[in-house]
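Everything below concerns the one structure shown next.
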There are 2 protein chains.
Amino acid sequence: MAFLNRGAGTMGQTNPPFMSGVPELLLLRLLAQREMYGYELVKSIRLVTGEAISLGEGVIYPVLHNLERGGALKAKRRSVDGRTRVYYRLTAKGRKRLDRLHGEWQRIESGISAALGPVNHVST
Amino acid sequence: MAFLNRGAGTMGQTNPPFMSGVPELLLLRLLAQREMYGYELVKSIRLVTGEAISLGEGVIYPVLHNLERGGALKAKRRSVDGRTRVYYRLTAKGRKRLDRLHGEWQRIESGISAALGPVNHVST
DNA sequence: CACTATACCTCGTAGCACAAGGTATATCAA
DNA sequence: TTGATATACCTTGTGCTACGAGGTATAGTG
């Protein structure tokens with residue numbers, strides 16, 4: 001069935017692993033509440049997830065850059081106390097992307113929930 | 001800080017991506033209910049997740065083999081209608097692994113839930 | 001003056017999930 | 001008979017994500 005290749009072209013294009021994009025989702029979500037800078041986002045993610053998820057700067061910064069390049073975020077450099085911060089703000093495009101990713105996540109999450117089980121509540 | 005390398009040894013050992021291991025979790029969970037064979041598991045995952053998650057044979061079989069090698073599963077070949085099936089059964093070790101992965105998943109899932117939002121309920 | 005915290009960044013790599021393809025048998029239809 | 005479809009197993013190569021490590025620079029503290 002190699003002939004019904006998705007994108008056409010040179011071949012060999014794989015779909016992103018089904019569980020990926022969570023870092024992106026978290027970033028977009030946080031930035032939907034207020035504008036923040038990278039280092040702050042790193043700390044914030046650990047905080048809001050109750051230490052459950054801890055993403056390093058090596059994960060955050062590249063994602064931030066990608067999102068900006070894609071037009072989902074707008075960056076603004078600002079100097080505070082002699083330190084340069086890069087603040088990110090969600091654009092309309094980013095908002096849409098957030099909604100899409102959010103939906104995808106919910107689908108997956110509820111799928112897994114269903115598989116993991118009835119959770120053995122008190123039965124009727 | 002390269003000196004506080006986790007396992008010691010040759011260097012360069014990375015942690016598994018924080019969201020991985022879900023295929024494994026699903027397989028273990030299904031096999032905790034009853035013994036099944038590979039091809040059946042492929043279909044089953046699509047079913048129980050309500051089409052939300054669809055893992056191909058290229059994902060399932062290798063994971064199955066790994067789990068068996070690790071002693072979490074016990075395999076048994078059986079011939080049905082002239083077709084050879086490899087049935088997998090959960091071992092005690094597999095049961096423990098399932099519980100561990102299940103716990104980890106819950107931690108992560110609730111972390112993400114928390115981040116994604118209070119869901120804007122009626123506030124006090 | 002060293003150490004820690006803040007704040008940005010990039011590079012190399014490990015590991016995972018993926019598509020594609022390959023083997024073989026059974027069933028059904030043309 | 002031939003071909004297609006479904007069952008049932010498998011492995012190989014690769015794309016991509018997330019990861020750790022490391023690098024720069026400034027500010028504050030002991």
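Predicted, not measured: the structure shown is a model, and the values here were computed from it. Quick note on labels: first sequence line is chain A, next is B, and so on, each numbered from 1. Below, each value reflects all heavy atoms present in this structure, side chains not excepted, and no hydrogens, waters or symmetry copies.
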Whole angstrom is fine here: how far is it from [atom1] in [X] over to [atom2] in [N]?
| X | N | atom1 | atom2 | value |
| --- | --- | --- | --- | --- |
| A:Tyr87 | C:dA7 | OH | C1' | 11 Å |
| B:Asn66 | D:dC10 | CG | P | 12 Å |
| A:Leu41 | C:dT6 | CG | C1' | 14 Å |
| A:Arg46 | C:dT6 | CZ | P | 11 Å |
| A:Arg77 | C:dC8 | CZ | P | 9 Å |
| A:Leu101 | D:dT17 | CG | C1' | 14 Å |
| A:Ile60 | C:dA7 | CD1 | C1' | 14 Å |
| A:Arg78 | D:dT26 | CZ | P | 21 Å |

So what does [X] hit on the nucleic acid, given a heavy-atom distance under 4.0 Å: a base, only sugar-phosphate, or nothing?
| X | value |
| --- | --- |
| A:Val22 | sugar-phosphate |
| B:Gly56 | nothing |
| A:Arg85 | sugar-phosphate |
| B:Val86 | sugar-phosphate |

Which residue lies toward the 5' end of DNA chain C, B:Gly82 or A:Tyr37, if each is placed at its nearest nucleotide?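 By nearest-heavy-atom nucleotide position, the 5'-most residue is A:Tyr37.
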Which is more 5' along DNA chain D, the nucleotide nearest A:Ser54 or the one nearest B:Arg83? Just name the residue.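 Whichever sits nearer the 5' end wins; that is B:Arg83.
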Measuring from atom OG of A:Ser44 to atom CD1 of A:Ile60, what distance do you get when rounded to the nearest 0.5 angstrom?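 The distance works out to 10.0 Å.
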Roughly how far, to the nearest 0.5 Å, is CG of A:Leu28 from CD of A:Glu24?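 That separation rounds to 5.5 Å.
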May I ask you to evaluate whether [X] reaches the phosphate of [N], defined as a side-chain N or O under 4.0 Å from OP1 or OP2?
| X | N | result |
| --- | --- | --- |
| B:Asn15 | D:dG20 | yes |
| A:His65 | C:dC8 | no |
| B:Lys43 | D:dA6 | no |
| B:Tyr61 | D:dC10 | no |
| B:Tyr39 | D:dT7 | yes |

Could you verify whether a donor N or O on one side chain and an acceptor N or O on the other, from A:Arg85 and A:Tyr87, lie under 3.5 Å apart?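 There is such a pair between these side chains.
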For A:Ser110 and A:Gln106, does a side-chain donor sit closer than 3.5 Å to a side-chain acceptor?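 Side chains of A:Ser110 and A:Gln106: no pair found under 3.5 Å.
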Minimum-distance nucleotide to B:Ser20 side chain [options: D:dA18, C:dA17, C:dA26]: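 Selected nucleotide: C:dA17.
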Which of these nucleotides, D:dC10, C:dC18, C:dT25, is closest to any side-chain atom of B:Glu57?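 Between D:dC10, C:dC18, C:dT25, the one nearest the side chain of B:Glu57 would be D:dC10.
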B:Ala32 and B:Leu98: which non-hydrogen atoms are nearest, and at how many Å?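 Closest heavy-atom pair between B:Ala32 and B:Leu98: CB-CD2, 3.7 Å.
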Nearest heavy atoms of B:Leu64 and B:Gly38, plus distance in Å: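 Nearest pair, atom of B:Leu64 first, then B:Gly38: CD2-CA, 3.9 Å.
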